[in-house]
Amino acid sequence: MATVAIQNDVSKDQAEVLAVIDQLRKANHDKDAAGFAALFAADAADYNLAPPLTHHGIDLREKQAWFDSWDGPVEIEARDFEVTVSGDVAFCHGFMHMNATSKMGARLVSFWMRSTLHLKRDAGQWKITHSHTSVPFYMDGSLRPAFDLNP
């Protein structure tokens, strides 16, 4: 019976991690920089699409400025996330689809990206300690981002 209890705990933990990913979706949709930052550890390593190569923690002003560059909500759809939990740490990876209208040129931006998250449970709350997002690029010498790929 102990095995069933452990499986139930892992399923509960996995559900909690997926809930954090859904909170990321909601914070992006609402363009809520504080809500977005609250999902991350203060010193989280964030390897997002914007330079520099790494960010440490979430800069609220920078995040809000990014949100403000979009007209309307920033839609982020998570798909195919695999979650592994071991005690108070979790690792997950999958795909995220961004769909938003840029204020510059009023054009729709829509593409898939790869996402990997590491989370740590502290005082009963899961916080993202490492986030890595990437878009593949064509290796044909053009270095064009592969925004046309779909999972």
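Between the side chain of R121 and the backbone N or O of K127, no donor-acceptor pair lies under 3.5 Å. The backbone N or O of A50 sits less than 3.5 Å from a side-chain atom of N48, completing a donor-acceptor pair. One N or O on the side chain of K31 and one on the backbone of W70 form a donor-acceptor pair closer than 3.5 Å.
R144 is not listed as a side-chain neighbour of F137, based on a closest heavy-atom distance of 4.5 Å or more. The shortest distance between side-chain heavy atoms of D43 and H56 does not fall below 4.5 Å. Two residues are said to be in side-chain contact when any heavy atoms from C-beta on lie closer than 4.5 Å; R25 and D22 meet this criterion.
Classified by interplanar angle (parallel below 30°, tilted 30° to 60°, perpendicular above 60°), the ring pair H130/H132 is tilted. Note: W112 and H97 have tilted aromatic rings, judged against thresholds of 30 and 60 degrees for the angle between ring planes.
Heavy atoms from other residues, nucleotides or ligands lying under 6.0 Å from CG of D122 number 12 at most. Within a 6.0 Å sphere centred on NZ of K26, other residues, nucleotides and ligands contribute 12 heavy atoms or fewer. Atom OH of Y47 has 12 or fewer heavy atoms from other residues, nucleotides or ligands within 6.0 Å.
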Only pairs under 3.5 Å count here: list side-chain donor-acceptor contacts from residues 74-84, not counting sequence neighbours, and write none if there are none.
| unit_1 | atom_1 | unit_2 | atom_2 | d |
| --- | --- | --- | --- | --- |
| E75 | OE2 | H29 | NE2 | 3.4 |

>> Show, in sequence, the C-alpha distance, side-chain angles and deciding distance for L24 and L39, and conclude whether the side chain to side chain contact (heavy atoms under 4.5 Å, CB included) test is met.
In response: CA-CA 7 Å; L24 281 173; L39 301 169; 3.6 Å; yes

> Would I128 and V20 count as a side chain to side chain contact (heavy atoms under 4.5 Å, CB included) if you check the C-alpha gap in whole Å, the side-chain angles of each, and the deciding distance to 0.1 Å?
Replying inline: CA-CA 9 Å; I128 299 167; V20 170; 4.1 Å; yes

> What's the verdict on side chain to side chain contact (heavy atoms under 4.5 Å, CB included) for I58 and D46, showing C-alpha distance, side-chain angles and the deciding distance?
Replying inline: CA-CA 8 Å; I58 303 299; D46 186 18; 3.7 Å; yes

>> I'd like to know whether L143 forms a side chain to side chain contact (heavy atoms under 4.5 Å, CB included) with Y138, so could you lay out the CA-CA distance, the side-chain angles of the two residues, the decisive distance to 0.1 Å, and finally the verdict.
In response: CA-CA 5 Å; L143 302 180; Y138 288 102; over 6 Å; no

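When hydrophobic residues (I, L, V, M, F, W, Y) are linked wherever their side-chain heavy atoms come within less than 4.5 Å, M104 remains an isolated member.
Nearest heavy atom pair, residue G87 against residue D13, reads O-OD2, 4.4 Å. In terms of heavy-atom proximity, L49 sits nearest to S134 at CD2-CA, 3.8 Å. The heavy-atom pair separating A27 from G35 by the smallest distance is CB-C, 4.1 Å. Minimum heavy-atom separation, V85 to W126: CG1-CH2, 4.0 Å. In plain terms, the two heavy atoms of S131 and F40 that are nearest each other are CB-CE2, 3.9 Å. Taking every heavy atom of both residues into account, V109 and S102 meet most closely at CG2-CB, 4.3 Å.
Comment: K63 does not engage D59 in a salt bridge, judged by the lack of any side-chain N to carboxylate O separation of less than 4.0 angstrom.
Rounded to the nearest 0.5 Å, atoms CZ (F91) and NE2 (H118) are 9.0 Å apart. A distance of 10.5 Å separates CG in L60 from CZ in F36, rounded to the nearest 0.5 Å. The distance from the OG atom of S69 to the CD atom of Q64 is 10.0 Å, given to the nearest 0.5 Å. Taking OG of S110 as the reference point, atom CG of N150 lies at 8.5 Å (rounded to 0.5 Å). If you take CG on D30 and CD on Q23, they are separated by 11.5 Å, rounding to the nearest 0.5 Å. Note: F95 CZ to M113 CE = 12.0 Å, rounded to the nearest 0.5 Å.
When the side chains of ILVMFWY residues are joined at heavy-atom separations under 4.5 Å, either directly or via intervening members, V135 and M96 end up in a single hydrophobic cluster.
Qualifying salt bridge (Lys or Arg N to Asp or Glu O under 4.0 Å) partners for R107, counting only residues two or more places apart in sequence or in other chains: none.
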